[in-house]
Amino acid sequence: MRLVVVGASGRMGRMLIQAVAGAEGCTLAGAIEREGSPVLGQDAGILAGLAPLGVPVGDDPLPAFADADGVLDFTAPAASVFYAALAAQARIVHVVGTTGLSEEDLAKLKAASWHARIVRSGNMSLGVNLLASLVRKVAATLDEGFDIEILEMHHRHKVDAPSGTALLLGEAAAEGRGVALDARKVAVRDGQTGPRRPGDIGFATLRGGSVVGEHSVIFAGGGERIELTHRASDRGLFAAGALRAALWAFPREPGLYGMDDVLGL
Ligand SMILES: NC(=O)c1ccc[n+]([C@@H]2O[C@H](COP(=O)([O-])OP(=O)(O)OC[C@H]3O[C@@H](n4cnc5c(N)ncnc54)[C@H](O)[C@@H]3O)[C@@H](O)[C@H]2O)c1
Ligand SMILES: O=C(O)C1=N[C@H](C(=O)O)CCC1
């Protein structure tokens, strides 16, 4: 499978280049960065801490997408929406790891999935997606006597909050409870908030250091508390999941898929 990595010089971009280069049956077909990026022209292998791969980082996705079977995209919301349209034109796989997309962005990805095979997830790791299935089950089992709170911590460079993973876990909890997350989500608490409303799903966000990604889903009852936690310490988890998603989507029909489809959860 010939794969393009966009956002090539990012924290995830470099991991994705490593993952593609190390995967049997996969070839790096291109490495794309923003116009004006200081890494343009550099060898993608060198950029990712590997031996040279003979793939210079470029800023024009069109020829790269035309010569590829799929694109791995951990960039920014506007970029992912742009690349989804190009992936649709090229009829290729588009794995979207980018988080912080708006409802409008998500609608554009849905439209692009008429022609592209898109796999989108706020977290590409097996562990988090397994955790989400557990959270769904626990939320379905415990009534509103158990308050659901989601705590997440990431590194100081992260620019969106709550994390895509926290929202993914919140959606699982809401599905388990049979409610819409948007109707129960409380992501900011400040000042005289009044007592907690039964059935709400709270989010708390910590940022600092080099934390790769830590998430806890807390079910707080009267006299007891259940806590389900996932800690990631290596971004290679996410890159491996993204590659697995691309290979899974390659033979499939156009559509918008998630990691639960890829992992059979
Ligand atoms: N789904 C997951 O499993 C998962 C895991 C880790 C990170 N993420 C998400 O991936 C995204 C990136 O995270 P990161 O830590 O790598 O960030 P980063 O800032 O290190 O990397 C983003 C890269 O994208 C590039 N970029 C931005 N716009 C671009 C464009 N139009 N064309 C080409 N490149 C462009 C930037 O220059 C940068 O190099 C974030 O949204 C993050 O939440 C998701
Ligand atoms: O480092 C990041 O940024 C991460 N983003 C994803 C999220 O928003 O949940 C996945 C974890 C790491």
Side-chain angles (χ1 to χ4, degrees), residues 7 10-16 18-19 72-77 80 94-101 106 109 118-142 148-177 181 184-185 187 201-219 225-249 256-265:
R11 285 175 290 271
M12 279 305 302
R14 297 168 194 242
M15 298 302 294
L16 291 164
Q18 289 182 19
L72 306 180
D73 178 356
F74 290 58
T75 52
S80 294
H94 184 198
V95 175
V96 181
T98 307
T99 60
L101 279 76
L106 294 173
L109 257 58
I118 298 178
V119 182
R120 183 187 74 86
S121 178
N123 196 299
M124 296 279 176
S125 74
L126 170 62
V128 159
N129 285 279
L130 182 58
L131 175 62
S133 59
L134 296 175
V135 166
R136 192 176 295 110
K137 173 73 175 171
V138 174
T141 306
L142 302 178
I148 301 174
E149 294 285 319
I150 298 169
L151 173 64
E152 58 106 334
M153 183 168 188
H154 286 87
H155 52 88
R156 62 170 62 101
H157 303 293
K158 187 167 181 56
V159 297
D160 59 307
S163 69
T165 306
L167 294 172
L168 183 157
L169 295 169
E171 287 289 357
E175 287 164 15
R177 283 271 169 88
L181 179 60
R184 308 315 311 247
K185 174 184 171 191
I201 298 173
F203 292 78
T205 296
L206 305 179
R207 290 288 179 269
S210 58
V211 175
V212 172
E214 298 186 0
H215 297 83
S216 290
V217 181
I218 301 163
F219 296 85
R225 202 162 74 195
I226 299 163
E227 298 185 9
L228 302 175
T229 295
H230 179 272
R231 291 189 179 90
S233 55
D234 180 350
R235 288 184 176 87
L237 286 178
F238 310 129
L243 197 56
R244 183 170 175 175
L247 293 166
W248 177 88
L256 183 56
Y257 303 98
M259 280 305 281
D260 48 352
D261 298 307
V262 174
L263 300 170
L265 292 176

For Leu142 and Ile226: C-alpha separation, side-chain torsions, deciding distance, then whether side chain to side chain contact (heavy atoms under 4.5 Å, CB included) applies. CA-CA 10 Å; Leu142 302 178; Ile226 299 163; 3.8 Å; yes
Work out which heavy atom in Ala173 is nearest to a heavy atom in Ala139; give both atom names and the distance. O-CB, 3.4 Å
If every non-hydrogen atom of Ala242 is compared with every non-hydrogen atom of Leu16, which pair is closest and at what distance? CB-CD2, 3.8 Å
With side chains defined as the heavy atoms from C-beta onward, is the minimum distance between Leu206 and Glu214 less than 4.5 Å? no
Minimal non-hydrogen separation, Ala245 against Val119, with atom names: CB-CG1, 3.8 Å
Could you measure the distance from the CE atom of Met15 to the CE atom of Met12? Nearest 0.5 Å is fine. 6.5 Å
What is the minimum heavy-atom distance between Thr98 and Ser80, and which atoms define it? OG1-OG, 2.7 Å
Distance (rounded to the nearest 0.5 Å) between Ile218 CD1 and Ile148 CD1: 11.0 Å
Leu169 CG to Asn123 CG distance, which is reported to the nearest 0.5 Å: 8.0 Å
Report yes if some heavy atom in the side chain of Leu168 is under 4.5 Å from a heavy atom in the side chain of Ser121; otherwise report no. yes
Approximate separation, where rounding is to 0.5 Å, of His155 NE2 and Arg11 CZ: 4.5 Å
Do Met153 and Arg207 make a side-chain contact, defined as non-hydrogen atoms from C-beta onward lying under 4.5 Å apart? no
Does any non-hydrogen side-chain atom of Leu167 lie less than 4.5 Å from one of Lys185? yes
Compare every heavy atom of Pro162 with every heavy atom of Ala187, then report the nearest pair and how far apart it is. CB-CG, 4.2 Å
Side-chain donor or acceptor of Glu152 paired with backbone N/O of Ser163 under 3.5 Å: yes
Sub-3.5 Å donor-acceptor pair from the side chain of Arg156 to the main-chain atoms of Val211, do we have one? no
Pair Leu109-His94, side chain to side chain contact (heavy atoms under 4.5 Å, CB included): steps then yes or no: CA-CA 10 Å; Leu109 257 58; His94 184 198; 5.5 Å; no
Gap separating the CD atom of Glu149 from the CD1 atom of Ile201, nearest 0.5 angstrom: 9.5 Å
d(Phe219 CZ, Thr141 OG1) to nearest 0.5 Å is 9.0 Å
Any idea which heavy atoms bring Met124 and Asn129 closest together, and the distance? C-ND2, 4.2 Å
